[in-house]
Novice: 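Supplied in structure tokens, the structure appears directly below.
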Amino acid sequence: MPSVQVIAVPGAEGAGRLRVPGEPDRHVPDLAAAMAELERAHRPRWVLPATDEVYPALLRSGVRLGRFHDLALTEGILLACAGEPGRPRNLAAAVARLRGLPEPADRPPPSRAEQPALFEPERATVPAHGDPLDAAQAVLADQQRRIDADPAPLRLLVAAESAGALAAAEMSHHGLPWRADVHDALLTELLGPRPAGGARPVRLAELAEQIAAAFGGTQVNPDAPASVVRAFKKAGIDVPSTRAWVLREVDHPAVAPLLQYKELARLWVAHGWSWLDTWVHEGRFRAEYVVGGVVSGRWATRGGAALQLPKALRTAVRADPGWVLVVADAAQLEPRVLAALSGDRKLAEVSTSVDLYASLAADSFDGDRAKAKVAMLSAMYGGTSGGAGPLLAVLRNRFPDAVGYVEQAARAGEAGELVRSRLGRTSPPPSAAWRALTGSFEQDEGTERKSRQAARNWGRFTRNFVVQASAADWALTVLASLRRRLAATAPDAQLVFFQHDEVLVHCPAERAATVASEVDSAAAEASRLVFGDTPVRFPLQAATVDCYADAK
DNA sequence: CGAACTTGCGCC
DNA sequence: AAAGGGCGCAAGTTCG
């Protein structure tokens, strides 16, 4: 069912240009209003140079888009597929590439201090010369050709990536409901009252004194690893580092206060009062997501460390009165993805259980869940430390297809080849330095060792890439499906948070059942779209709660 | 003196 | 024999 495709290009001061098939190009003084009108009347497939140049302003005007193609994100995906992920992806660069002209660089991300203009035209990377509508149309046609020429289902990937970009902007627009008073109370309980002028809280000062006392009054700065290592050395203990898991094995009276200090100092520094002041306003935490910010297709964030919110702070995430949070969390996504990718029948059987690791343990590890998990993680990450080697061997014996799949990806990486996700997202090529190091012959022993190590490192990256990127394919497809479904059946529901394999919806309480049901449908649809007819189950568990901390 | 690197830890 | 994927952030340290 082909539908109208409308190209929109932003201009200065909220104006813009529109190209609707079969109509003369239009210059509109208020692009948001014109797009809103077209969206209502035709629900077209929109084509824009870049989501973040236009959509935040549209959202502030109350406009939400449905179907969408983001030229810059698509260009990024296609460049990676061609083995050239470093080249600029903005519209001006893409059209320059088509015409054999120099490619203008991508603009650096805006600093948060910048006051956002309506369409930020000075940041817009539309071509300086020629008609930007012609440029967008030419690039779009070329992208469609490249998508069709690729054996991978890039059409799905591009649709999911574009929908994800809209969802990301909507999440920033709505914001995650955040109770600053609850957060402040938690900080006060753990650290003591908020000190003036950002000074060290009393609880940390007390712990620092205890640490110094435990070292017999030696000067020691608990924030400086080198200082702590020196203090232990003076006490006759050699520690290779001051990582928490290292210190935990050390028998010394300073260890307990040090571990406590590190934990609380981390909370204070990363998510203390100044974080609260900077990132939470009017009851909302507005993260800035960077769609396509990770080569695997995961999102990154800019500022606020939105994807590293400590679990302890989830208690501050509370639904508004009369509203609820629907928390949808994929259970053990990556091993299931590996089962589906590899077509391993036995692992697929194991994956019918919601607790995959428990059933894997029952199958192969005498019921020892911890061993089963270590074995699976070492297959997907390429690690064999801490006794994981023999466990991985058990896994390889029982599930040769699954383990063979990631080991094949590792060998490809060691050979400098590219690997791809299920939907065709492609790993970056190794650097020239890597090729020089691994490709040369007649090496001395030291270089030889370094060369093998570099190859193994890259193999670990590509081994993990096929799983992580395919999991991102699935999660992004879930998000796109859920977004479309909610617009149809629960339009007042808001997507407010997305973290790799978990999505939060904030909605009126009476809408929760509908949202939860759409979560189920989205998971089923994504599994079918990404993995086709697979026996592997991908549970996406939806919990309806008032407080994020109460989910699972 | 600021830039660049290192360390350590939070999340998945 | 040993071999742990992806990110962001802030403080300390070293570099230039």
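Keep in mind that what you see is a predicted model, and the values were worked out from it rather than measured.
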Novice: Do A:Arg537 and A:Thr534 have side-chain N/O donor and acceptor atoms under 3.5 Å apart?
Specialist: no
Novice: Kindly state which residues belonging to residues 411-434 of chain A come within less than 4.0 angstrom of DNA chain B, counting heavy atoms of the residue only, listed by number.
Specialist: none
Novice: Would you kindly say whether A:Thr426 and A:Arg420 are connected by a side-chain donor-acceptor distance under 3.5 Å?
Specialist: yes
Novice: Are any of the side-chain nitrogens in A:Arg203 or A:Glu206 under 4.0 Å away from the carboxylate oxygens of its partner?
Specialist: yes
Novice: Applying the side chain to side chain contact (heavy atoms under 4.5 Å, CB included) criterion to A:Leu73, which one of A:Val158, A:Leu78, A:Val291, A:Asp52 satisfies it?
Specialist: A:Val291
Novice: Touch check for A:Ser296, heavy atoms < 4.0 angstrom, all strands: base, sugar-phosphate only, or nothing?
Specialist: nothing
Novice: Please report the shortest heavy-atom distance between A:Glu414 and A:Ala455, naming the atom on each side.
Specialist: CG-O, 3.2 Å
Novice: When we call it a touch if two heavy atoms are under 4.0 Å apart, what does A:Gly304 touch: a base, just sugar-phosphate, or nothing?
Specialist: sugar-phosphate
Novice: Classify every nucleotide of nucleotides 5-12 of chain B by which part a protein heavy atom approaches to under 4.0 Å, writing B for the base, S for the sugar-phosphate alone and - for neither, in 5'-to-3' order.
Specialist: --SBBBBB
Novice: Considering non-hydrogen atoms only, spot the tightest contact between A:Trp458 and A:Gly413 and give its length.
Specialist: CD1-O, 3.3 Å
Novice: Identify the heavy atoms of A:Ala372 and A:Leu360 that sit nearest to each other, and give their distance.
Specialist: O-CD2, 3.7 Å
Novice: Scan A:Ala224 against the nucleic acid and name what it touches under 4.0 Å (heavy atoms): base, sugar-phosphate only, or nothing.
Specialist: sugar-phosphate
Novice: Answer with base, sugar-phosphate or nothing: what part of the nucleic acid does A:Gly303 contact at a heavy-atom distance below 4.0 Å?
Specialist: sugar-phosphate
Novice: Do A:Arg314 and A:Tyr548 meet the cation-pi criteria used here (NZ or CZ under 6.0 Å from the six-membered ring centre, within 45° of the axis)?
Specialist: yes
Novice: Distance only, no hydrogens: is a donor on one side chain within 3.5 Å (strictly under) of an acceptor on the other, for A:Asn90 and A:Glu75?
Specialist: no
Novice: Under 3.5 Å, is there a donor-acceptor pair linking the side chains of A:Gln453 and A:Arg456?
Specialist: no
Novice: Using the P atom as the reference point in each nucleotide, state the distance between B:dC9 and C:dA2 in Å, no decimals.
Specialist: 24 Å
Novice: Using the P atom in both, what is the distance from B:dC12 to C:dG4, to the nearest Å?
Specialist: 22 Å
Novice: Between which nucleotides of DNA chain C, 5' to 3', does chain A make heavy-atom contacts below 4.0 Å?
Specialist: C:dA3 to C:dT13
Novice: Taking the basic N atoms (NZ, or NE/NH1/NH2) and the acidic carboxylate oxygens, is any pair closer than 4.0 Å for A:Arg194 and A:Asp277?
Specialist: yes
